[in-house]
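Notes follow once the structure below has been shown.
First the proteins, then the strands, lettered A, B, ... as listed; each starts at 1. All heavy atoms count here, side chains included; hydrogens, waters and symmetry mates do not.
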Amino acid sequence: MISTDKNTVIYCDPFIPPEWIAAHGLRPLRVAPNISENAAIGVCPYARAFTNEINFQKNVCAAIFATTCDQMRRSSDIAIKNSILPIFLMNVPTVWQRKSATELYAAEIERLSRFLTQFDAQRPTNAKLAEVMIDFENKRQTQLAKQKPTDKIPLAIIGSHLLKQDHIIFDIVQKYGGCIAIDATTDGGRTLPGKFDRTQLIKNPVKELVSAYFETIPDVFQRPNDRLYDWFKKKLNETYVRGILFHHYIWCDKWHAEFGRICDKEFTSLPVLDISAGDNDKNTKSCLTTRIQAFMEMLE
Amino acid sequence: MTPKACKITLDQWNKQYELLCSSGIKQPDYGGTLGRHFEDGDTRLRTLQFDNSAAALRLWNFLLTENERLHKARANGKKIVGTMKDLGTIPVMVYALQNAIAFYPDGAWWTPCIMETNEGLFKITDSLGIDESFCPVRAMLGAFLNEEHFPVADILICSTGAVCDDFSAIAQRLESLGFKINWWEMPHRRKADKNQDSINLPGGFSTPATQIEFVKSELENIRSLLETLTGEKLTDQKLIKVIAKANVVRGLLAELRHIVFTAQINPLPALEMLIAEMLAIHFCSDIGETILVLQDLLKEAKLRIANKEGVSNKNAAKIFWVNPVADLKAMNLLEECGGRVCGTDYLFTHALDTIPTDIAPMEALAQMALADGMAGSSFDRAERICQDIEKFGSEAIIISRIPGASHCAIEGTIIADIVKQRLRIPTLEIEIPTLSDGLQQPIKNRIEALIEVVLQRRQK
């Protein structure tokens with residue numbers, strides 16, 4: 001067991017349940033990393049930024065990567081090579097329709113627990129885990145309740161993770177008379193876990209955790225990824241939006257390949273604006289602003 | 001008549017072909033001049049240098065007639081299985097069945113090279129938003145849509161999970177266009193934890209027994225799918241038989257690679273060796289013929305070694321080559337610069353290793369699938385490369401990057417660093433586009449610089 005006063009576990013993937021980390025007595029920290037310098041051709045800016053970020057946060061005892069994309073999976077190798085932190089790579093299955101995939105994810109949750117117990121942490125009892133899960137769920141509900149409807153032009157945004165700098169997209173949309181009514185980025189409402197079944201929660205909280213995360217969150221990497229489209233279509237039907245922003249990073253194949261499908265009139269008749277983001281390009285912000293401004297003018 | 005070993009152009013091959021015919025050479029039913037493939041649109045052949053042996057002619061003709069073979073199989077009532085991404089495992093299962101034939105649509109990634117983009121596959125994919133930021137394997141999507149390069153498969157089976165994003169994303173796009181895909185999960189291979197049973201895999205990697213169990217269960221699903229498709233029981237006995245046959249192919253390739261890579265004078269060109277290795281993946285739709293093609297090549301290589309003749313200068317720099325090249329011409333280029341290939345990792349080393357025969361066949365196949373260098377960490381792959389470099393005595397390593405491929409940018413750096421640290425040999429990373437003519441001079445300059453360093457090191 002590693003004795004340390006550092007108790008923060010850093011991660012960025014929505015399939016890593018923070019409740020699980022917290023129930024071990026550690027502090028989960030999901031970050032939106034800062035863009036890092038030294039862009040490299042072929043390397044996703046987000047994967048590079050997260051790999052860099054893990055070395056700059058305070059009190060971090062470990063970092064968790066996930067296999068949900070190839071670049072992030074391989075970035076964990078870079079982290080192992082360059083960082084002094086212990087690195088855990090969580091295998092999140094891409095197939096989801098077979099029971100064996102759920103079992104594989106559950107086994108990874110248990111393996112994560114064994115990893116975490118290196119750091120003055122203990123595997124939680126069922127009661128402790130259930131308590132933490134309820135606490136986290138309540139906080140999420142409180143956060144969601146704060147969102148109030150506005151009279152601005154409602155938009156949806158769908159796509160990958162966002163770097164810290166890219167949250168400016170929300171400000172730009174607002175500045176030109178819009179608001180994000182559906183945040184389907186990897187850091188938005190799309191990747192919230194399912195609501196915990198309180199009866200199951202008491203009986204078998206680990207199983208409920210697996211169900212709420214692995215069996216519920218729709219994502220682009222899943223094969224097939226129909227769940228993502230079903231979720232988004234449902235949201236578009238429930239929420240009146242006038243246009244869609246599609247965000248992906250250069251070299252992010254998984255999202256990039258979906259642009260054509262999102263635009264397809266069989267999926268939606270709404271206008272879709274591609275706001276793909278490159279490396280640390282000084283022109284990115286002005287280009288992004290101009291494109292969103294033009295899009296908003298078109299929707300007015 | 002056995003001509004002295006050398007490399008010749010397509011035009012020279014046409015003349016050589018007449019000589020071979022007049023000497024009474026027997027050809028298989030797919031035989032003929034190489035020139036006919038050029039006439040059919042494989043225009044890149046005009047720019048390549050070929051080995052001048054009858055064995056090489058047979059190899060090329062075998063490769064370039066696969067589409068005809070697939071159509072013929074369909075006409076004969078066989079089911080066509082499109083196996084995607086796993087490179088080497090599922091086809092073994094398919095060939096255990098009487099009434100099925102397997103091929104990799106992934107192979108279309110070389111079509112824009114072979115046809116010098118005149119076939120328009122990239123234009124089709126561009127129109128679907130799959131542009132040049134993706135690996136050239138995007139050509140596969142176009143080939144599915146225009147149906148000109150392979151027949152529509154009766155079933156598609158694709159591995160996913162610890163695979164490259166380009167392929168997975170393109171395959172998903174394909175499915176969204178109405179091509180039903182049966183996905184199977186390849187978990188990220190890792191080492192066993194302290195409390196877990198660890199299994200050594202062919203090729204030298206290891207994995208927890210639980211991962212093998214998981215992959216086995218995925219392969220069992222595929223077994224059921226294939227049985228439903230063909231109406232034939234895929235028994236363990238049939239698998240044992242086909243594994244033995246696949247091991248003949250792998251054994252021939254192992255011997256061929258060993259004698260070619262370690263010969264004093266290089267007996268066979270890098271280009272033909274690359275194609276020979278590729279046969280291991282799915283046997284170019286005919287496992288029996290693959291064995292005959294490889295036997296011919298092996299015989300030719302042995303004869304040349306005995307006669308002390310070959311296709312490269314005896315001082316050629318011994319290069320270990322990592323990743324397949326999008327432009328086949330790059331393999332010629334290496335030899336033009338004074339190098340020869342002595343060791344390879346073309347992303348399918350697991351298709352070259354012997355399949356274990358002392359365990360249940362499905363377990364053996366699960367082990368082979370998990371032995372894929374791409375399924376684990378870059379450290380694992382680098383470790384195997386280091387071992388092979390030592391085995392073949394390679395003096396330098398070239399890591400060729402595949403344009404747009406999700407794994408190359410990160411993995412290439414790690415492999416290069418580890419090889420440099422461990423073996424202290426020169427390393428070079430180059431990117432080879434689908435048609436490299438425009439970049440030929442800079443690529444050549446870089447390879448020549450590497451080879452100069454290798455030759456200087458010999459004198460120190």
Side-chain angles (χ1 to χ4, degrees), chain A residues 40-44 47-48 51 66-78 80-81 89-101 103-104 107-108 111 114-115 220-226 229 250-264 266-267 274 276, chain B residues 127-131 133-135 138 141 158 160-173 175-177 180-181 183-190 193-196 210-211 213-214 217-218 221 374 377-379 382 401 403-414 417-418 431:
Chain A
I41 290 175
V43 182
C44 162
R48 198 178 62 246
T51 311
T67 60
T68 47
C69 85
D70 196 28
Q71 294 250 349
M72 200 56 97
R73 176 167 78 99
R74 293 178 184 282
S75 292
S76 72
D77 284 341
I78 297 281
I80 289 167
K81 190 165 163 267
L89 175 62
M90 183 155 158
N91 193 356
V92 181
T94 57
V95 300
W96 49 275
Q97 290 159 314
R98 288 190 282 278
K99 195 178 153 213
S100 57
E103 287 168 356
L104 180 60
E108 285 293 288
R111 194 167 68 87
R114 293 195 293 274
F115 172 79
V220 73
F221 73 91
Q222 290 161 337
R223 294 293 174 263
N225 63 12
D226 301 352
Y229 284 87
I250 185 168
W251 313 121
C252 171
D253 298 324
K254 285 194 170 153
W255 277 106
H256 188 176
E258 298 300 326
F259 181 63
R261 191 172 167 194
I262 294 272
C263 292
D264 195 321
E266 281 185 25
F267 178 71
D274 181 3
S276 57
Chain B
S127 72
L128 294 165
I130 309 294
D131 59 22
S133 70
F134 289 85
C135 157
R138 68 194 171 108
L141 182 60
C158 184
T160 178
V163 302
C164 58
D165 278 351
D166 300 80
F167 195 91
S168 185
I170 292 163
Q172 176 60 66
R173 189 84 176 88
E175 185 171 55
S176 74
L177 294 168
K180 162 80 182 145
I181 292 179
W183 305 94
W184 65 281
E185 183 80 10
M186 168 54 61
H188 172 82
R189 187 190 60 245
R190 59 175 177 82
D193 292 340
K194 279 178 201 161
N195 58 345
Q196 289 184 307
T210 50
Q211 284 202 330
E213 278 307 307
F214 177 80
S217 74
E218 292 292 281
N221 281 327
M374 299 288 287
S377 82
S378 307
F379 299 117
R401 281 167 73 150
S406 64
H407 55 96
C408 282
I410 295 173
E411 177 186 55
T413 313
I414 292 177
D417 284 353
I418 290 176
E431 182 163 290

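Distance check, rounded to the nearest 0.5 Å: CH2 of A/Trp255 to OG of A/Ser276 gives 14.0 Å. Note that CG of A/Asp70 and CZ of A/Phe221 are 13.0 Å apart. Values are rounded to the nearest 0.5 Å. The CD atom of A/Gln222 sits 10.0 Å away from the NZ atom of A/Lys254 when rounded to the nearest 0.5 Å. Remark: B/Phe134 CZ to B/Arg173 CZ distance equals 9.5 Å, nearest 0.5 Å.
When A/Val92, A/Leu104, A/Ile80 are compared by the number of non-hydrogen pairs under 4.5 Å with chain B, A/Leu104 comes out ahead. Ranked by heavy-atom pairs under 4.5 Å with chain B, the first of A/Ile78, A/Thr67, A/Asn225 is A/Asn225. Of all the listed residues (B/Ala405, B/Ala169, B/Cys158, B/Ser217), the one sharing the greatest number of non-hydrogen pairs under 4.5 Å with chain A is B/Ala169. Counting heavy-atom pairs closer than 4.5 Å to chain A, the top-ranked of the candidates B/Thr413, B/Ile130, B/Asn221 is B/Asn221. Most heavy-atom pairs under 4.5 Å with chain B, from the set A/Arg73, A/Glu103, A/Arg114: that is A/Arg73. Chain A forms the most heavy-atom pairs under 4.5 Å with one residue out of B/Ser127, B/Pro187, B/Gly404, and that residue is B/Pro187. Among B/Cys408, B/Gly129, B/Cys135, B/Ser176, the residue making the largest number of heavy-atom pairs under 4.5 Å with chain A is B/Ser176. Heavy-atom pairs under 4.5 Å with chain B peak, among A/Arg74, A/Glu266, A/Glu258, at A/Arg74. Ranked by heavy-atom pairs shorter than 4.5 Å toward chain A, the options B/Arg190, B/Glu411, B/Lys194, B/Glu431 are led by B/Arg190. For chain B, the option among A/Pro93, A/Ala101, A/Cys263, A/Cys252 with the highest count of heavy-atom pairs below 4.5 Å is A/Pro93. In terms of non-hydrogen atom pairs under 4.5 Å with chain A, the most contact-rich of B/Ser406, B/Cys164, B/Gly161 is B/Ser406. When A/Gly42, A/Cys69, A/Ala257 are compared by the number of non-hydrogen pairs under 4.5 Å with chain B, A/Ala257 comes out ahead.
Listed for the B/Arg189 side chain is no donor-acceptor partner under 3.5 Å among the backbone atoms of B/Met186. In terms of modelled atom types and a separation under 3.5 Å, the side chain of A/Asp253 and the main chain of B/Asp165 share no donor-acceptor contact.
Of the two parts of A/Ser75, the backbone and the side chain both hold a non-hydrogen atom closer than 4.5 Å to a non-hydrogen atom of chain B. For A/Asn91, the part lying under 4.5 angstrom from a heavy atom of chain B is the side chain only. Both the backbone and the side chain of B/Ala162 come within contact range of chain A, each with at least one heavy atom under 4.5 Å from a heavy atom of that chain. The contact between B/Arg401 and chain A is made entirely by side chain atoms (from C-beta outward), counting heavy-atom distances below 4.5 Å. For B/Asp166, the parts lying under 4.5 angstrom from a heavy atom of chain A are both the backbone and the side chain.
Between A/Val95 and B/Trp184, the closest side-chain pair of non-hydrogen atoms is not below 4.5 Å. At least one side-chain heavy atom of A/Asp77 sits under 4.5 Å from a side-chain heavy atom of B/Phe379.
For the residue pair B/Trp183 and B/Glu175, a side-chain donor N or O sits within less than 3.5 Å of a side-chain acceptor on the partner.
Remark: A/Thr94 engages B/Thr160, B/Glu185 in a side-chain hydrogen bond (donor to acceptor under 3.5 Å, both in side chains) (not counting sequence neighbours).
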- prompt: Given the rule in the salt bridge (charged side-chain N to carboxylate O under 4.0 Å, His left out) test, do B/Asp417 and A/Lys81 qualify, once you have shown the distances and angles that lead to the verdict?
  reply: CA-CA 10 Å; B/Asp417 284 353; A/Lys81 190 165 163 267; 2.8 Å; yes

